[in-house]
Peer 1: 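Handing you a structure now.
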Amino acid sequence: MEDNLVKVVLRLEEGEHVYVETPWATDLGGGRYRLENCPFYFYNLAYGDIFLAEYSEEEERLAFVKLLEPSGHKLIRIIFENPANEEGKEKEQLDSLVAMGCTYEGANPKYICVDIPPEIELGKVTEYLINSEINWEHAAPSYDTLYPAG
């Protein structure tokens, strides 16, 4: 399976800011790819999602085009005040999320993406985050997707 892993460009433009990341994806053939990492900046794409990607002349590599099949995984992002890889409140909070069935990846010890598998209710996780006064955001689905402006 590792032979089918490729890097795919995810580009997010927010005003003057441009965020580019290149997570791993499994090449499923026919321009279809399955995401194998959690995106740190991109919205509405989660671990295991299947998407269309095409070669981009501008990026000089494969680039995300559109989501094809959601995996059912959800993604939230946390920004901790203190590093979560040291003993303390932040590490305990991450351990609690893992105990619920979540996994995580860290861009650094303070910026963490938490993958919520399909069998875990998003509301259970968000209730814990709110009650624990953790600084977090919805990533997949995004806040705007969950709560569209009327």
Side-chain angles (χ1 to χ4, degrees), residues 5-28 30-86 88-91 93-94 96-98 100-118 120-150:
L5 285 177
V6 295
K7 291 281 196 170
V8 177
V9 172
L10 302 178
R11 174 183 286 271
L12 173 66
E13 297 182 21
E14 290 184 327
E16 296 177 8
H17 301 284
V18 177
Y19 302 94
V20 177
E21 56 189 312
T22 55
W24 289 105
T26 299
D27 186 345
L28 302 174
R32 294 165 44 96
Y33 298 85
R34 182 179 56 243
L35 190 64
E36 301 296 345
N37 293 103
C38 293
F40 288 100
Y41 303 103
F42 206 74
Y43 290 93
N44 293 314
L45 193 63
Y47 175 80
D49 286 355
I50 296 174
F51 61 92
L52 177 67
E54 296 175 347
Y55 184 81
S56 164
E57 294 290 336
E58 180 183 348
E59 301 290 352
E60 298 181 343
R61 63 174 48 193
L62 285 170
F64 174 87
V65 175
K66 68 178 181 178
L67 177 65
L68 297 173
E69 299 172 32
S71 63
H73 284 253
K74 288 120 357 225
L75 179 67
I76 56 105
R77 297 187 187 114
I78 295 174
I79 298 176
F80 284 124
E81 187 176 326
N82 299 302
N85 62 347
E86 300 172 3
K89 176 179 71 172
E90 289 81 359
K91 184 174 184 325
Q93 290 168 333
L94 273 183
S96 293
L97 290 167
V98 170
M100 285 183 206
C102 300
T103 59
Y104 65 89
E105 294 180 49
N108 62 56
K110 292 183 178 183
Y111 186 57
I112 310 292
C113 288
V114 177
D115 173 63
I116 305 166
I120 307 299
E121 187 181 327
L122 178 61
K124 177 182 172 185
V125 175
T126 58
E127 181 180 351
Y128 171 76
L129 297 167
I130 291 165
N131 291 338
S132 299
E133 299 181 348
I134 296 173
N135 183 16
W136 65 281
E137 73 166 345
H138 288 285
S142 69
Y143 182 86
D144 291 342
T145 300
L146 287 169
Y147 309 102

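Keep in mind it's a predicted model, so treat the numbers as computed, not measured.
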Peer 1: Glu137: what forms a salt bridge (charged side-chain N to carboxylate O under 4.0 Å, His left out) with it, not counting sequence neighbours?
Peer 2: Arg77
Peer 1: So, taking the atom named OG in Ser142 and the one named CG in Leu45, what distance separates them when rounded to the nearest 0.5 Å?
Peer 2: 11.5 Å
Peer 1: Within the structure provided, determine whether Leu62 and Tyr33 are in side-chain contact (heavy-atom separation under 4.5 Å).
Peer 2: yes
Peer 1: Is the closest side-chain heavy-atom distance between Tyr43 and Thr145 below 4.5 Å?
Peer 2: no
Peer 1: Without swapping roles, check the side chain of Asp49 against the backbone of Ser71 for a donor-acceptor pair under 3.5 Å.
Peer 2: yes
Peer 1: Output all residues satisfying ring pair (Phe, Tyr, Trp, His ring centres under 6.0 Å) with Tyr128, sequence neighbours left out; order by chain, then residue number.
Peer 2: none
Peer 1: For Gly106 and Ile112, work out which heavy atoms get closest and say how close.
Peer 2: CA-CD1, 3.8 Å
Peer 1: Please test Leu35 against Tyr47 for side-chain contact (heavy atoms from CB on, under 4.5 Å), starting from the C-alpha separation and ending with a verdict.
Peer 2: CA-CA 5 Å; Leu35 190 64; Tyr47 175 80; 5.6 Å; no
Peer 1: Listed by chain and number, what are the ring pair (Phe, Tyr, Trp, His ring centres under 6.0 Å) partners of Phe42, not counting sequence neighbours?
Peer 2: Phe64
Peer 1: Give the minimum heavy-atom separation between Ile50 and Leu67, together with the two atoms involved.
Peer 2: O-CD1, 3.5 Å
Peer 1: Which pair of heavy atoms, one from Pro39 and one from Leu10, lies closest together, and at what distance?
Peer 2: CB-CD1, 4.0 Å
Peer 1: What salt bridge (charged side-chain N to carboxylate O under 4.0 Å, His left out) pairs are there with at least one residue in residues 101-114, not counting sequence neighbours?
Peer 2: none
Peer 1: Among all residues two or more places apart in sequence or in another chain, which pass the salt bridge (charged side-chain N to carboxylate O under 4.0 Å, His left out) test with Lys7?
Peer 2: none
Peer 1: Where is the tightest heavy-atom contact between Ala53 and Val8, given as atom of each residue plus distance?
Peer 2: CB-CG1, 4.1 Å
Peer 1: Looking at Gln93 and Phe80, what are the two nearest heavy atoms and their distance?
Peer 2: OE1-CE2, 3.3 Å
Peer 1: Could you measure the distance from the OG1 atom of Thr26 to the CD atom of Glu36? Nearest 0.5 Å is fine.
Peer 2: 3.5 Å
Peer 1: Closest heavy-atom contact between Asp115 and Leu75?
Peer 2: N-CD1, 4.3 Å
Peer 1: Could you give me the CA-CA distance, side-chain angles and deciding distance for Glu81 and Lys89, then say whether salt bridge (Lys or Arg N to Asp or Glu O under 4.0 Å) is met?
Peer 2: CA-CA 10 Å; Glu81 187 176 326; Lys89 176 179 71 172; 5.7 Å; no
Peer 1: Can you find a heavy atom in the side chain of His73 that is under 4.5 Å from one in the side chain of Pro117?
Peer 2: yes
Peer 1: So how far is it from Leu97 CG to Lys124 NZ, rounded to the nearest 0.5 Å?
Peer 2: 10.5 Å
Peer 1: Could you check if a side-chain atom of Val114 sits within less than 4.5 angstrom of a side-chain atom of Leu129, using non-hydrogen atoms only?
Peer 2: no
Peer 1: Any side-chain heavy atom of Met100 sitting closer than 4.5 Å to one from Ile116?
Peer 2: no
Peer 1: Taking atom OG1 of Thr126 and atom CD1 of Ile134, what is their separation to the nearest 0.5 Å?
Peer 2: 11.5 Å
Peer 1: With no hydrogens and no angle check, is any side-chain donor or acceptor of Glu54 less than 3.5 Å from a backbone partner on Val65?
Peer 2: no
Peer 1: Do Lys66 and Phe51 touch side chain to side chain, with heavy atoms closer than 4.5 Å?
Peer 2: no
Peer 1: Could I get the full list of ring pair (Phe, Tyr, Trp, His ring centres under 6.0 Å) partners for Tyr147, not counting sequence neighbours?
Peer 2: Tyr143
Peer 1: Quick check: do Leu122 and His138 have side-chain heavy atoms less than 4.5 Å from each other?
Peer 2: yes
Peer 1: Less than 4.5 Å apart, side chain to side chain, heavy atoms only: is that true for Val125 and Cys102?
Peer 2: yes
Peer 1: Quick check: does any side chain N or O of Glu21 sit under 3.5 Å from a backbone N or O of Phe40, one acting as donor and the other as acceptor?
Peer 2: yes
